[in-house]
Amino acid sequence: MRNETRAMIRASGVCLLAVVSCFTSPAAQATDEPQDWRQFRGPKGSASGDARLPAEWDGHVRWRSELPGPGGSSPIVVGRRIFLTCYSGYGVDAESPGDRHKLVRQVLCFNRDDGKLLWQHDVPAAEIVARYVDFLRQHGYTTSTPVSDGERVYVSLENSGVHAFDLAGEPLWQRGVGNHVHNWGSAGSLTLEEGRLFVNAAVECDSLLALDKLTGEEVWRFKRVVGSWSTPTPADLPDGGRQVLLNEKPGLLGLDRHTGRQLWFYPTDQSVGASTPTVVDGIVYLSGGNPKFVAAIRPAAVSSGGGDDAAQPAVIWRTDGVGSGIASPVVYGGRVYVVDRGVASCLDAGSGAVLSKARLSPSEATFYASPVIAGKRLFAVSRESGIYVLSTEPKFVQVANNRLDDSVFNATPAIHDGELLVRSNRFLYCIGKDSDP
């Protein structure tokens, strides 16, 4: 691995069209309760929240909002606003995808209380658009989840660039990140830390980028990222080290968060780097799907210069035969949970021992969404087999399977104010609190 810097390649011909304006002042969104869910998998990527959610959802759908098109991005919540992305104009109908140059991506803002649309921005496609084939037919053209710092919202729209808006929908800046495309599309979501926006642009320019959140200017670039559809993960280590992690095909990268210099590398030789690592108390938990494994890794703090002489992390344990190549692991209560192809597995976070497996019903489930935990229940959103609810205590078992509509569900849900936000290719849903004592 080498860390090289070159000039940014700007996506051409991208314009923004304001379709609906939001008339509410962003300053009015300041709130000290409840905790916002501002990024993929929530605060610090924990994928967990303090909520008491029902197992069976009949009668618990608080509201449902129709979306202008499909998409795989997750909803995020800032105060009383929800943000997500969709696309339309191309690749909506698998039998008749249409004209690639008519692709439009939508950035949407909804009222958290009732699901009403507050504003929408349309972003026309760049000149080069990937054809609607291979895995693009599974998840489409808006898979990256937005991120927010509480004052602005940032979205990554593949080779149409990264866009920043204020909470009222006014565009602030746009930055091209490369013009390459892939028949699998892009998937890694944005993350923020210490004023920097981390962008997995492996598809667009073979790089991981750090951008200044206020201007969009490039701070650093790590070059030669290979086969990565994962979300960059900031990690604060017990020794004070500040790193950013990225899962790629060869393995897991640990980079200095301030400079982008490679510190360490954990080889996995997986077929693709798609799942996102979870960091708890300085330990990194990583899951892979081909081959299947779950590993606990203690990051190396320093190295002599990166590349082949990079420091080696300490592998605390690695368990083969269980894991997921796309859905990310969730760590909660001293346990690691993974879901993949009709099976949910629970491992001991200290030793990697497999504590239990739950055979899901229906059993044909496949997962692009990552599981989340609310209270003592795990919620795993499958693509077409419903949303599975599993009890984590006292026994790890399936307790329900809920179906909301007949479209595809690719997005990881959000937990906010004791409720669950779930998006499909057709609708955004708010699932209410459990009223049982």
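What you see is a predicted model, and the numbers here were worked out from it, not measured in a lab.
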Closest non-hydrogen atom pair, Val422 against Pro413: CG2-CB, 4.1 Å
Results of side chain to side chain contact (heavy atoms under 4.5 Å, CB included) for Ala374 - residues two or more places apart only: Ala51, Leu53, Phe379, Ile415
Worked verdict on Arg383 versus Asn410 for side-chain hydrogen bond (donor to acceptor under 3.5 Å, both in side chains): CA-CA 6 Å; Arg383 298 192 68 242; Asn410 284 327; 2.8 Å; yes
Steps toward salt bridge (Lys or Arg N to Asp or Glu O under 4.0 Å) verdict (Asp256, Arg242): CA-CA 7 Å; Asp256 185 284; Arg242 290 177 170 85; over 6 Å; no
Any donor-acceptor pair under 3.5 Å from Ser144 side chain to Gly188 backbone: yes
Quiz item: cation-pi between Arg100 and Tyr90, 6.0 Å / 45°: no
Nearest-0.5 Å distance, CD of residue Glu364 to CZ of residue Arg341: 12.5 Å
Nearest non-hydrogen partners of Ser382 and Ala365, listed with the distance: CB-CB, 3.9 Å
Intermediate values then yes/no, side-chain hydrogen bond (donor to acceptor under 3.5 Å, both in side chains), Thr85 and Gln106: CA-CA 5 Å; Thr85 57; Gln106 290 94 18; over 6 Å; no
Ion pair Arg196/Glu193, N-O distance below 4.0 Å: no
Spacing of CZ belonging to Phe135 relative to CG belonging to Asn183, to within rounding of 0.5 Å: 11.5 Å
Taking every non-hydrogen atom, the tightest pair across Ala400 and Ala55: CB-O, 3.3 Å
Arg426/Glu66 salt bridge by N-O under 4.0 Å criterion: no
pair Glu170-Trp119: side-chain heavy atoms closer than 4.5 Å: no
Check: Ser324 side chain, Gly289 main-chain N or O, donor-acceptor pair, under 3.5 Å: no
Centroid separation Phe165 to Tyr154 less than 6.0 Å: no
Rounded distance [0.5 Å steps], OH in Tyr266 versus CG in Leu252: 9.0 Å
Check ion pair Arg62-Asp114 (N to O, under 4.0 angstrom): no
4.5 Å side-chain heavy-atom contact, Pro75 and Leu428: yes
Gln39 side-chain N/O to Thr191 backbone N/O, donor-acceptor pair under 3.5 Å: no
Exam field: side chain Thr259 to backbone Arg261, donor-acceptor pair closer than 3.5 Å: yes
Asp236/Lys44 under side-chain contact (heavy atoms from CB on, under 4.5 Å): CA gap, chis, key distance, verdict: CA-CA 10 Å; Asp236 293 329; Lys44 298 296 183 181; 4.0 Å; yes
Stepwise salt bridge (Lys or Arg N to Asp or Glu O under 4.0 Å) test for Arg175 and Glu217: CA-CA 8 Å; Arg175 175 67 56 177; Glu217 294 298 319; 2.5 Å; yes
Any Leu421 side-chain heavy atom under 4.5 Å of Val77 side chain: yes
Side-chain donor/acceptor of Trp220 to backbone N/O of Leu211, under 3.5 Å: no
Stepwise side-chain contact (heavy atoms from CB on, under 4.5 Å) check, Thr412 with Phe40: CA-CA 8 Å; Thr412 299; Phe40 174 60; 3.4 Å; yes
Criterion ring-ring contact (aromatic ring centres under 6.0 Å, His included) on Tyr337 and Phe396, from CA distance to verdict: CA-CA 10 Å; Tyr337 298 93; Phe396 185 52; 5.3 Å; yes
Sidechain-backbone polar pair: Ser207 side chain, Cys205 backbone, donor-acceptor under 3.5 Å: yes
His139 ring center near Trp229 ring center (under 6.0 Å): no
Closest non-hydrogen atom pair between Pro313 and Pro299, with its separation: CB-CA, 4.3 Å
Arg105 charged N/C atom sitting above Tyr87 aromatic ring, 6.0 Å / 45°: no
Distance (rounded to the nearest 0.5 Å) between Glu158 CD and Leu136 CG: 6.5 Å
Rounded distance (nearest 0.5 Å) linking atom CZ of Arg64 with atom CG of Asp405: 7.0 Å
Heavy-atom donor-acceptor pair, Asp212 side chain to Val219 backbone, under 3.5 Å: no
Ser189 backbone acceptor or donor facing Thr231 side chain under 3.5 Å: yes
Residue pair Leu214 / Arg152, side-chain heavy-atom distance below 4.5 Å: yes
Sidechain-backbone polar pair: Asp93 side chain, Glu95 backbone, donor-acceptor under 3.5 Å: yes
For Thr233, all residues meeting side chain to side chain contact (heavy atoms under 4.5 Å, CB included), sequence neighbours excluded: Leu245, Thr276, Pro277, Val279
NZ/NE/NH1/NH2 to OD/OE distance under 4.0 Å, Asp149 and Lys213: yes
Check: Arg112 side chain, His416 main-chain N or O, donor-acceptor pair, under 3.5 Å: yes
Value rounded to 0.5 Å, distance of CG in Leu167 from SG in Cys109: 7.5 Å
Ionic contact status for Lys292 with Asp340, cut-off 4.0 Å: yes
side-chain contact (heavy atoms from CB on, under 4.5 Å) between Leu197 and Leu190, worked out: CA-CA 7 Å; Leu197 186 67; Leu190 300 173; 4.2 Å; yes
Residue that, paired with Asn425, satisfies side-chain contact (heavy atoms from CB on, under 4.5 Å) out of Val408, Val92, Asp406: Val408
Full working for side-chain contact (heavy atoms from CB on, under 4.5 Å) between Tyr141 and Val129: CA-CA 10 Å; Tyr141 295 91; Val129 177; 4.1 Å; yes
Shortest non-hydrogen separation from Pro329 to Val338 and the atoms involved: CB-CG1, 3.8 Å
Test log, rule side-chain hydrogen bond (donor to acceptor under 3.5 Å, both in side chains), inputs Asn247 and Gln270: CA-CA 10 Å; Asn247 185 21; Gln270 55 194 330; 2.7 Å; yes
With Glu204, the side chain to side chain donor-acceptor pair (under 3.5 Å) member among Ser156, Ser186, Ser160: Ser186
Note, Arg335 side chain near Leu355 side chain (heavy atom, < 4.5 Å): yes
Ser74 versus Thr145, closest heavy-atom pair with distance: N-OG1, 2.9 Å
Other residues, nucleotides, ligands: >12 heavy atoms within 6.0 Å of Arg131 CZ: no
